[in-house]
Amino acid sequence: MSRIGKMPVNVPSGVDVSIANGQISVKGSGGSLSLAQSPLVNIASKDGKLRFEPANDSREANAMSGTLRQLVNNMVVGVSAGFEKKLSLVGVGYKAQATGSKLNLSVGYSHPVNKEMPEGITVATPTPTEVVIKGADRQRVGQIAAEIRAIRPPEPYKGKGIRYVGERIVIKETKKK
């Protein structure tokens, strides 16, 4: 059995998990998320813990039990605490400004770049060179952060661009005569 699939998911107080009609729904203070249940995995709820067991002895059921367990755990953590990604802008004149659900970026192009945030995702700019993306759905937060980073990825010679906080950019050596 999958090592991750063996571990139960703890459901904190204030979070409601319901399994019905092939859907797993998680509701909490951070919102509500749902996921389609796999027929290869049996889910049991007992004493505020969710356990995931493979429905048969196949390799796919074993792998799916660990995958589904982690997806449900991410949903539980998302609706209770939430997820966030931080980006930093490196470059002369590079700046960001969040207004409502829009992010305005000035990153060296001849025009400002506007990025609309989907529902459930919030964006903030504590400083003009820092962007914080928050939401309950871990996958969507990461996807939006990747899309914003793709607007101006860090270049390898000076390191200018949009990067994740803590990301290490390998700087190339310039050409010598």
Side-chain angles (χ1 to χ4, degrees), residues 2-5 7 9-12 14-15 24-36 38 63-177:
S2 167
R3 286 186 209 172
I4 291 179
M7 295 186 289
V9 173
N10 294 324
V11 180
V15 175
I24 303 166
S25 299
V26 180
K27 290 186 180 103
S29 61
S32 64
L33 299 171
S34 64
L35 176 72
S38 173
M64 198 62 194
S65 69
T67 300
L68 194 65
R69 182 254 177 224
Q70 193 59 40
L71 290 173
V72 171
N73 186 50
N74 286 342
M75 288 169 40
V76 169
V77 171
V79 298
S80 58
F83 292 102
E84 75 174 24
K85 283 273 190 181
K86 293 182 180 180
L87 300 168
S88 67
L89 282 67
V90 177
V92 177
Y94 286 16
K95 62 184 179 187
Q97 181 183 8
T99 53
S101 66
K102 273 191 179 171
L103 178 66
N104 303 324
L105 295 167
S106 298
V107 286
Y109 294 119
S110 60
H111 55 84
V113 179
N114 297 324
K115 177 82 175 150
E116 184 73 36
M117 295 297 128
E119 189 176 326
I121 303 292
T122 59
V123 65
T125 52
T127 63
T129 60
E130 195 176 322
V131 179
V132 179
I133 303 152
K134 294 181 182 179
D137 191 351
R138 184 176 190 169
Q139 192 272 332
R140 287 179 69 198
V141 168
Q143 182 64 38
I144 295 296
E147 289 172 6
I148 292 171
R149 183 185 182 274
I151 292 170
R152 179 69 85 169
E155 55 97 15
Y157 295 102
K158 291 184 181 175
K160 291 169 47 172
I162 303 172
R163 63 175 79 168
Y164 298 114
V165 169
E167 181 181 10
R168 193 170 150 264
I169 306 297
V170 178
I171 304 296
K172 289 184 178 179
E173 195 172 333
T174 57
K175 192 186 271 189
K176 302 276 192 265
K177 271 198 169 191

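By convention here, the first residue in the shown sequence is residue 1.
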Passes side-chain contact (heavy atoms from CB on, under 4.5 Å), Tyr157 versus Ile171? Steps please. CA-CA 5 Å; Tyr157 295 102; Ile171 304 296; 5.8 Å; no
Start with the C-alpha distance between Ile24 and Leu68, add both sets of side-chain angles, then the distance that settles side-chain contact (heavy atoms from CB on, under 4.5 Å), and finish with yes or no. CA-CA 10 Å; Ile24 303 166; Leu68 194 65; 4.3 Å; yes
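The number of heavy atoms from other shown groups lying within 6.0 Å of NZ (Lys175) does not exceed 12.
Residues Val9 and Arg69 meet the side-chain proximity criterion, which asks for heavy atoms closer than 4.5 Å. Inter-residue side-chain proximity for Pro118 and Ile144 is flagged as met; some heavy-atom pair is nearer than 4.5 Å. When side chains are defined from C-beta on, Ile148 counts as touching Met117, because their heavy atoms get closer than 4.5 Å. Residues Ile162 and Leu105 are in side-chain contact: their nearest non-hydrogen atoms beyond the backbone lie under 4.5 Å apart. Leu35 has its side chain out of reach of Leu33: every pair of non-hydrogen atoms, C-beta onward, lies at least 4.5 Å apart.
Closest non-hydrogen pair, Gly66 versus Ile4, comes out as O-CG2, 4.0 Å. Residues Val76 and Pro12 share a closest heavy-atom pair of CG1-CD, 3.6 Å. Heavy atoms only, all atoms of each residue included: Ala124 and Ala98 are closest at CA-CB, 4.2 Å. Here the closest heavy-atom approach between residue Ala145 and residue Tyr164 is recorded as CB-CE2, 3.9 Å. Lys160 and Gly91 make their closest contact through CG-CA, 4.1 Å (heavy atoms, listed as atom of the first residue, atom of the second, distance). Between Ser80 and Val15, the closest heavy-atom pair is CB-CG2, 3.9 Å.
Within the structure, side chain to side chain donor-acceptor pair (under 3.5 Å) pairs that include any residue of residues 129-154 comprise Asn74-Arg138, Lys115-Glu147, Gln143-Glu147, Arg149-Glu167 (at least two apart or interchain). Pairs passing the side chain to side chain donor-acceptor pair (under 3.5 Å) check and including a residue from residues 93-109, sequence neighbours excluded, read Ser101-Glu116.
In this structure, the separation between CD1 on Ile169 and NZ on Lys158 is 16.0 Å, given to the nearest 0.5 Å. Within the model, atoms CG of Leu103 and CD1 of Ile151 stand 7.0 Å from one another, a figure rounded to the nearest 0.5 Å.
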